[in-house]
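These notes are about the structure you will find just below.
Computed from heavy atoms alone, side chains included, the values below leave out hydrogens, waters and symmetry copies.
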Amino acid sequence: MATLRDAITDVPGIRVGHWTYRRGATGCTAVLCPAGAVGGVDVRGAAPGTRETDLLRPGNLVDQVHGILISGGSAFGLAAADGVMRYLAEHGHGLAFGGNVIPIVPGAILFDLGIGTKRTPDAEAGYRAAGRATRGRVGEGTVGAGTGATVAKMAGPERLLKGGLGTASEHLDVGVIVGAVVAVNAVGAIRDPRTGEVVAAPRADDPGGFVDVDAHFRTGRAWPELVKDEDAEDGDETPGPETPTNTTLAVVATNAQLTREQANRLATVCHDGFARTIWPAHCRGDGDTIFTLATGEVEVDDYAYSALEAMATRAVERAVLRGVRRATGLAGVPSAGEWREQHAP
């Protein structure tokens with residue numbers, strides 16, 4: 001029996017590789033399925049940065065994808081998908097068309113330009129991530145697309161915490177495996193839906209504490225530190241608060257045999273994993289996106305598909321929590337764990 005790693009790579013045929021640039025606080029992650037997989041996608045954020053998502057929708061011609069790229073670097077990071085394509089093409093993986101091999105690599109990016117000295121992920125970064133992709137253990141925390149990720153941003157940059165990249169898998173007795181990898185870059189709090197624990201929220205003034213996010217939102221006002229100074233002289237141009245940036249990206253893979261419609265529906269359902277762990281999610285400044293990959297090894301009936309939906313959502317939840325819990329501080333931004341430990345009474 002294969003070794004189980006509680007990772008998306010528990011799904012046979014799925015490989016994951018990272019490119020991490022700690023000095024610049026950015027990176028990218030390549031999820032490869034060289035043999036091809038049925039893909040799906042659901043974009044819920046109102047400010048997405050994506051590539052090749054239209055071809056994943058039902059009714060379009062191409063029914064197989066060969067990799068997914070999730071990246072930091074904002075819109076610049078989409079260039080990293082070119083490198084993933086180049087790597088796959090060099091190894092003969094892709095759509096055979098017109099005498100060519102064309103790898104299909106959708107992708108999405110998150111905004112991490114607020115910290116670090118930026119060199120945004122480019123084609124070479126994507127190529128290196130793809131070249132490092134393995135079926136083994138997946139690095140978590142401040143790596144890959146999670147390198148520059150941050151969370152708990154609604155109270156301003158002085159109170160945010162590190163986000164990160166996490167992975168998890170779930171296994172059904174009928175032979176179905178589903179796994180998720182998530183890059184968590186959220187404006188709001190991170191909560192464990194099973195225990196109610198607040199895993200991360202804006203840093204409060206009291207050492208090691210968190211701001212009460214619910215109470216803050218009930219005021220309907222920007223955090224006081226972000227509001228224009230009422231004593232400023234007339235004519236002073238003091239900018240108001242910006243819309244906080246918030247994009248969480250996930251790839252969910254399964255060995256189940258799914259149609260294009262089912263793969264897209266699975267992506268939709270998996271957003272419940274975001275909604276249960278991230279408060280708030282799917283907002284105006286978000287680019288929240290979930291991709292799905294189905295390798296087709298195990299046939300599923302209607303009941304097994306419903307069970308797959310439930311457990312895929314659970315894998316996303318756990319991957320979100322692991323990404324934040326396993327993050328380490330970078331570029332002056334502490335992780336949630338470091339904040340609690342360093343400032344404990």
Side-chain angles (χ1 to χ4, degrees), residues 8 29 31 38-60 65 68-72 74-75 77-78 81 106-112 145-146 149-154 163-168 178-191 193 200 213 217 243-254 258 260-294 308-321 323-324:
I8 191 173
T29 297
V31 181
V38 174
V41 68
D42 191 353
V43 180
R44 290 291 181 91
T50 57
R51 160 188 168 131
E52 299 275 43
T53 52
D54 283 349
L55 64 79
L56 297 177
R57 304 191 187 284
N60 291 334
V65 299
I68 303 289
L69 182 281
I70 57 175
S71 179
S74 190
L78 289 172
I109 49 84
L110 54 83
F111 185 91
D112 60 0
T150 52
V151 298
K153 306 175 193 179
M154 80 284 290
L165 183 137
T167 188
V178 61
V181 61
V182 183
V184 189
N185 187 59
V187 69
I190 307 299
R191 297 173 173 174
V213 175
F217 279 131
T243 299
T245 54
N246 173 31
T247 293
T248 298
L249 307 174
V251 181
V252 176
T254 178
L258 302 182
R260 179 83 67 84
E261 289 77 8
Q262 288 173 319
N264 276 272
R265 174 51 55 183
L266 183 63
T268 296
V269 172
C270 283
H271 273 283
D272 289 351
F274 285 0
R276 285 170 55 82
T277 53
I278 300 169
W279 172 248
H282 308 136
C283 300
R284 185 180 62 149
D286 303 358
D288 294 342
T289 301
I290 295 181
F291 295 97
T292 53
L293 298 168
L308 168 62
E309 289 182 323
M311 299 313 292
T313 299
R314 178 62 177 143
V316 170
E317 291 176 12
R318 294 179 50 236
V320 169
L321 297 174
V324 176

*For Ala315, which residues count as a side-chain contact (heavy atoms from CB on, under 4.5 Å) partner, sequence neighbours excluded?*
Glu170, Ala180
*Qualifying residues under side-chain hydrogen bond (donor to acceptor under 3.5 Å, both in side chains), relative to Arg260, sequence neighbours excluded*: none
_Once you measure the plane-to-plane angle for His282 and Phe274, does it fall in the parallel (<30°), tilted (30-60°) or perpendicular (>60°) bin?_
tilted
*Can you name the nearest heavy-atom pair linking Ala189 to Val213, along with the distance?*
CB-CG2, 3.9 Å
*Spacing of Leu78 atom CG and Ser71 atom OG [to the nearest 0.5 Å]*: 7.5 Å
*asked:* Holding to side-chain contact (heavy atoms from CB on, under 4.5 Å), I want the full list of residues that pass it with Ala312, two or more places apart in sequence or in another chain.
replied: Val178, Val252, Leu266, Cys270
_Rounded to the nearest 0.5 Å, what separates atom CD1 in Ile8 from atom OG1 in Thr29?_
10.5 Å
_Show the nearest heavy-atom pair for residues Leu56 and Gly40, with the distance to one decimal._
CD1-O, 3.8 Å
*Nearest 0.5 Å, what's the NE2-CZ distance between His271 and Arg276?*
15.5 Å
*Would you check if Phe291 and Leu249 make a side-chain contact, meaning some heavy-atom pair closer than 4.5 Å?*
no
*State, to 0.1 Å, how close Ala281 and Asp286 come at their nearest heavy-atom pair, and which atoms those are.*
C-OD2, 3.4 Å
*Looking only at heavy atoms, what is the nearest atom pair of Val151 and Ala200, with distance?*
CG2-CB, 4.0 Å
*With sequence neighbours excluded, residues passing side-chain hydrogen bond (donor to acceptor under 3.5 Å, both in side chains) with Thr292*: none
_Any residue meeting side-chain hydrogen bond (donor to acceptor under 3.5 Å, both in side chains) with Asn264, in chain and number order, not counting sequence neighbours_ = none
*With sequence neighbours left out, what residues match Gln262 under side-chain contact (heavy atoms from CB on, under 4.5 Å)?*
Leu258, Thr259, Tyr305
_Sequence-distant partners of Arg44, salt bridge (Lys or Arg N to Asp or Glu O under 4.0 Å), two or more places apart_ = Asp42
*Show the numbers, then the answer: is there a side-chain contact (heavy atoms from CB on, under 4.5 Å) between Asn185 and Lys153?*
CA-CA 9 Å; Asn185 187 59; Lys153 306 175 193 179; 3.1 Å; yes
*To the nearest 0.5 angstrom, please state how far the CE atom of Met311 sits from the CD atom of Glu317.*
9.5 Å
*Distance (rounded to the nearest 0.5 Å) between Leu165 CG and Ile70 CD1*: 5.5 Å
_Considering only residues two or more places apart or on different chains, which pairs with a residue in residues 47-56 satisfy side-chain hydrogen bond (donor to acceptor under 3.5 Å, both in side chains)?_
Arg51-Asp82
_Tell me whether Thr247 contacts the main-chain N or O of Leu110 through its side chain, where contact means a donor paired with an acceptor under 3.5 Å._
no
*asked:* Under the criterion side-chain contact (heavy atoms from CB on, under 4.5 Å), I'd like the reasoning laid out for Val184 against Ile190: C-alpha separation, chi angles, the key distance, then a yes or no.
replied: CA-CA 10 Å; Val184 189; Ile190 307 299; 4.1 Å; yes
_Minimum heavy-atom distance Ala267-Ile290, with the two atoms named_ = CB-O, 3.7 Å
*Just how far is it from atom OG1 of Thr289 to atom CD1 of Ile109, taken to the nearest 0.5 Å?*
8.5 Å
*Got a donor-acceptor contact below 3.5 angstrom from the Asp272 side chain to the Thr313 backbone?*
no
*For Leu293 and Thr254, run side-chain contact (heavy atoms from CB on, under 4.5 Å): C-alpha distance rounded to whole Å, both residues' side-chain angles, the deciding distance at 0.1 Å, then the answer.*
CA-CA 6 Å; Leu293 298 168; Thr254 178; over 6 Å; no
*Please confirm whether the backbone N or O of Arg191 pairs with a side-chain atom of Thr277, one donor and one acceptor, at under 3.5 Å?*
no
